[in-house]
Structure formats: C-alpha cells, structure tokens
Amino acid sequence: MLGIIDCNNFFASCERCFDPSLLGKPIVVYSNNDGCVIARSEEAKALGIRMGMPAFELKDIVKEHPVRMFSSNYTLYGDMSRRIKHMINQFSPRVEDYSIDESFIDLSGLDLINLFDYVKNMRDKITQDSGIPVSIGVASTKTLAKIANRFSKKQFRAVGVFIIDTESTRIEALKATKVEDIWMVGRRISSKLNAKGIFTAFDLSNVSPSWARTNFSVVLEKTVYELQGRLCIPLEEKSKNKQHIASQKSFGSLQTELEPIAEALANYTARVAEKLRQQQSVAGGIEIWLGTNNFSKTDKQYFPKISTRCDIPTDFTPYLIKLAMEALKSIYKTGFKYKRVGIMLIDIRGKCDGTLNMFHSVNRDKQDKLIYQLDRINMINGRDTLKSAQQGFSSSWKMKQNHLSRKYTTKLSDIIQIS
DNA sequence: TCTGGGGTCCTAGGACCC
DNA sequence: TCTGGGGTCCTAGGACCC
C-alpha cells in the first residue's frame, strides 16, 4: 500500500497558521503580480471564488464579504513545506517529495489491521504539530491513492483519512469519481472520453489497457492499469536533477524600453544560475523569450524566442548574463508594450561530466572560486547582497505584491528585505 | 485598468546515417 | 514505366501536473 499526504488549501492555510484572527474567514492567495487567485480557504470557495479567477472579478464579492487577500509568499510556503516533509519522514522510511504540498509514502509492511490507526495518527499529529491541516489517501497504486485522498477531503473531512483496501471500496470510490477528477486525466482527454461514453473512473477501469494505448497514449494505458489496482507508476524517492530551469515573470507594469527589461532578465538569469549551482550542474545553452500582453485586444502582439549555446557548458552567472543580454538585444524591437521576459537554461548536465572546449582557455577554477564566494555571501547576508551591475537598482519592472504577509519562519535578513 | 510560474513526459515529423 | 529497408537523434508542440 502507498499513501498520499496532501495539505488542505496549502497557501491559504499557511497564512492562517500565523494569524489566528483568520480562523473561519474567507482567505484568498494571489498569483505573482496579485493577478489571479491560486489558493482559497473553504470559506472563500463557499463564496463562489474560483481557482484562477482574475483579481478584478473579485471586486464585487469583496465589497459584500470580508475576504482577506494575500500576495503569494513563497519564502513562507517553502519553509512550511520543508517542516512538514521533515515530519512525514518520521512516519515512513520511503517518501517521494511530489510537490510543494504533497508527498507519496510507502506504507508496505504495516499490518493491515493497524493501517488505519497508523495513518490516522500520522494525519492528526502532522496537522497538530505543523498547524496545517492535512489529508491522507491510501491505496495500492498512486492513481487510486489520489482518488482516496479526494474522498478523505470531501466525504470524510473530519477524519482526514480514507483507505481503499477492499474490492468493494475500490468500486464504490471509482463509481463516485468523474473521469476529469482522475490524476493525469485533464480537460482534453476527459472530453474525448466522454464522447466515447466513458464518464466515471469505474467506466475507465473497465476498458482494455491496449485500447487506451491505441486510442490515446501510454499515459492513459497506465492510468487504466492503476485504476484496476495494478501498480505502474512507482514511488520515486530520489528527486532527480532538473533538465530545464526557467524563470519568467510578468512586469508590474508594461515596459517599452530595453533597459528595464534587460535589468529584469539579468535578475532572472541570476536566479536560474543559482538553482543550477545548487544541483551541481552546468548548462550548455539558454533560451530567451519576450512577450506582449496577450489578453489585450488592441495592443500589437509580439512573442519572439531565441536560443543560444554556451562556448562551454557553465554555471557562471556573469557569462550567462552576458549571453542573455546579447540574445535579448537580438529579439527586442521598439514599438511594443512588453508584459514579460523569461529565460530557460537548457542542455543541463552534471558539472563533472561537462565537455571542455579545446579551443577555449577559460580559467574555470578562478570562476568557480569567485562564484562560490558570491553564493556564500548571499546565503549569509540575504539574496542579492552581492550582484551583477546589470541586475540594477530600478524597480519599474518589479511585480506587484500589495498584500504580502511577513516571512514568519525564515531568517532576519529576509524579513528586513521586505520592509 | 486589472488575467502566474515552473515543471515533466510523450509523440510526430524532419534530417540524417548506412 | 519502374526507385529499399532499417535505424538514430533532435525539435516543436501537446497534454498533463502542482
């Protein structure tokens, strides 16, 4: 058996955790730029606030009801996530870190008679000790465990645990689940399934896996097997290194000049390079893109993209920034109102198996020592204490965060930065 | 006026090899 | 008039996840 532990309304719960006056109140957490809703408390859901709802559509609801709004505070959520994962590790030797608010756990070897007690205790303890309510679904496959988790939230909220451990429970759960609510079945696939007369998870569990593969994909084939109780998607304990590392953000206001866009891009490049070094990799190239506001009906649209290669695979921020600046200049054109810029590191590989260029004489040791000291200084003193001049000091491009909460759980230097 | 950001895997088609 | 068969690698786009 395996389980999935999922934090309820995670971002909203994190905000509430540090402000008891928010108990029982509708809370929403906004995306970057305070653009749209990405998390809601139960009370907010009850008011009809939908996931992804643009902020301006909330205006009327907010007038009528005291909705508390928050800009997303990933420093806080990331740290809470780290704490909860630490607790989860006390309950199972094998854990897969699946997302910021979800973990799969191996529950094999537990006597079935005690399974419920064990999981229930785990759920209560984590909820109590972290201050974030969690729900646990348990079954023989990941796909079924996800369905069990939905049940634990919907039908068995007070308990917070649901286990699919008998054939009759499995069938009952599948019959009560629509295809669009199955993990790995999105909007496109579910509407195609509906057109073929398949509406519930139970319907889908009765098709032949090879039919699913022929008519859809190997992904849906695995889903069918997993609904039948046959494990196809194993637990992955070791988190793999990223193959792409990207950063893109919408500007706080539309930009027309090159300079602020270049400054923003230099900052995003510094971020992705930092992440690259954290996983001890180097990148063989970069991809840069630029975009106008695609929601606008009147603005001229322009979405250029370009990729370039490094002379030798590298993790050296100044070099990557230089490359990014050259790429940006080659796609930037005047006469457009730009909404976002982004960078992706591509062709990522381990630092040690990076290829050398026999015609290139860069002193890598020197670069490594320099960037190591930069990372060290920034870790101790706070992000961007030491940075590239190209990253600049202007703020015209920076995102809107008008409802940001405190970084309650992390270092002083971070807290000082927001004030 | 105002609509997020960061990922993965799979597949089809093109370009190339012998 | 009639022109093979078996591969690999790369890329772009689609679908999905949180």
Side-chain angles (χ1 to χ4, degrees), chain A residues 4-7 9-11 28-39 49-60 62 69-74 77-78 81 96-104 142-143 146 149 179-193 212-223 232-233 236 239-254 264 268 271-272 275-276 279 284-285 287 289 291-299 303 305 307 309 337 339-348 399-403:
Chain A
I4 178 138
I5 306 179
D6 187 317
C7 301
N9 313 326
F10 183 53
F11 297 168
V28 301
V29 177
Y30 284 129
S31 65
N32 281 351
N33 263 318
D34 297 339
C36 66
V37 175
I38 57 167
I49 298 172
R50 297 183 319 277
M51 196 69 170
M53 202 174 196
F56 63 87
E57 283 184 23
L58 253 71
K59 256 189 339 209
D60 292 341
V62 172
M69 298 171 286
F70 293 91
S71 303
S72 37
N73 182 345
Y74 289 106
Y77 312 150
S81 169
E96 175 181 340
D97 186 358
Y98 179 63
S99 76
I100 194 165
D101 72 332
E102 285 173 85
S103 296
F104 284 105
K142 282 185 177 174
T143 308
K146 281 285 235 178
N149 190 267
V179 282
E180 60 259 41
D181 294 326
I182 302 170
W183 185 52
M184 297 294 171
V185 179
R187 257 213 329 256
R188 308 282 170 113
I189 303 293
S190 54
S191 70
K192 280 189 197 167
L193 284 169
R213 185 175 196 140
T214 317
N215 289 275
F216 292 87
S217 67
V218 63
V219 179
L220 196 72
E221 181 189 26
K222 285 185 188 172
T223 301
C232 280
I233 309 170
E236 283 181 37
S239 65
K240 295 191 188 121
N241 275 348
K242 301 265 182 282
Q243 299 174 36
H244 306 283
I245 300 174
S247 179
Q248 67 165 339
K249 277 168 194 61
S250 302
F251 304 126
S253 57
L254 296 172
Y268 306 160
R271 282 301 78 74
V272 292
K275 286 189 188 170
L276 185 69
Q279 66 168 43
E287 201 170 286
W289 61 91
T292 45
N293 178 14
N294 56 343
F295 285 105
S296 170
K297 301 220 165 45
T298 48
D299 291 358
F303 298 95
K305 195 162 103 173
S307 60
R309 304 204 57 79
K337 291 186 210 155
K339 174 77 176 164
R340 64 166 58 81
V341 66
I343 177 169
M344 187 189 282
L345 301 177
I346 54 177
D347 193 14
I348 290 175
M399 64 186 177
K400 274 181 277 180
Q401 290 185 299
N402 292 335
H403 309 280

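In what follows, chains carry the letters A, B, and so on, assigned in the order in which the sequence lines appear, proteins first and then strands, with residues in each chain numbered from 1. The figures that follow rest on heavy atoms only: side chains count, while hydrogens, waters and symmetry mates do not.
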Whichever of Ser247(A) and Glu57(A) has its nearest DNA chain B nucleotide further upstream toward 5':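 With Ser247(A) and Glu57(A) compared, the 5'-side residue is Glu57(A).
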Closest-nucleotide ordering on DNA chain B, the 5'-leading residue of Lys222(A) and Asn33(A):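 Closest to the 5' end, via its nearest nucleotide, is Asn33(A).
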Using a strict cut-off of less than 4.0 Å between a Lys/Arg side-chain nitrogen and an Asp/Glu carboxylate oxygen, indicate whether Glu102(A) and Lys146(A) qualify as a salt bridge.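 Between Lys146(A) and Glu102(A) there is a salt bridge, with a charged N closer than 4.0 Å to a carboxylate O.
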From the options dC9(B), dG4(B), dC18(C), select the nucleotide whose nearest atom is closest to the side chain of Tyr98(A).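 Of all the options, the side chain of Tyr98(A) is nearest to dC18(C).
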When you measure from the side chain of Ser99(A), which nucleotide among dC18(C), dG7(B), dG5(B) comes out closest?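 Between dC18(C), dG7(B), dG5(B), the one nearest the side chain of Ser99(A) would be dC18(C).
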Just by protein heavy atoms under 4.0 Å, how would nucleotides 10-16 of chain C read 5' to 3' in B, S and -? -----SS
Just to confirm, is there a sub-4.0 Å distance from OP1 or OP2 of [N] to any side-chain nitrogen or oxygen of [X]?
X         : N      : value
Ser250(A) : dG5(B) : yes
Arg271(A) : dG6(B) : no
Lys240(A) : dG7(B) : no
Lys339(A) : dT3(B) : yes

Toss me the dot-bracket line for DNA chain B: Watson-Crick and G-U wobble, both under 3.5 Å, 5' to 3', using | for pairs to another strand and [ ] for crossers. ....||||||||||||||
For a quick test of reading the model, state the closest non-hydrogen atom pair linking Gly285(A) to Asp347(A) and the distance between them.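 Closest approach of Gly285(A) to Asp347(A): N-CB, 4.3 Å.
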Aromatic ring pairing Tyr98(A)/Trp183(A), orientation class (parallel under 30°, perpendicular over 60°, tilted between):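 Taking Trp183(A) first and then Tyr98(A), their aromatic rings stand perpendicular (interplane angle over 60°).
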Grab the CD-P distance between Gln279(A) and dG6(B) for me, whole Å please.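 From Gln279(A) CD to dG6(B) P: 15 Å.
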Interatomic distance, Arg340(A) atom CZ to Tyr268(A) atom OH [nearest 0.5 angstrom]: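 That separation rounds to 10.0 Å.
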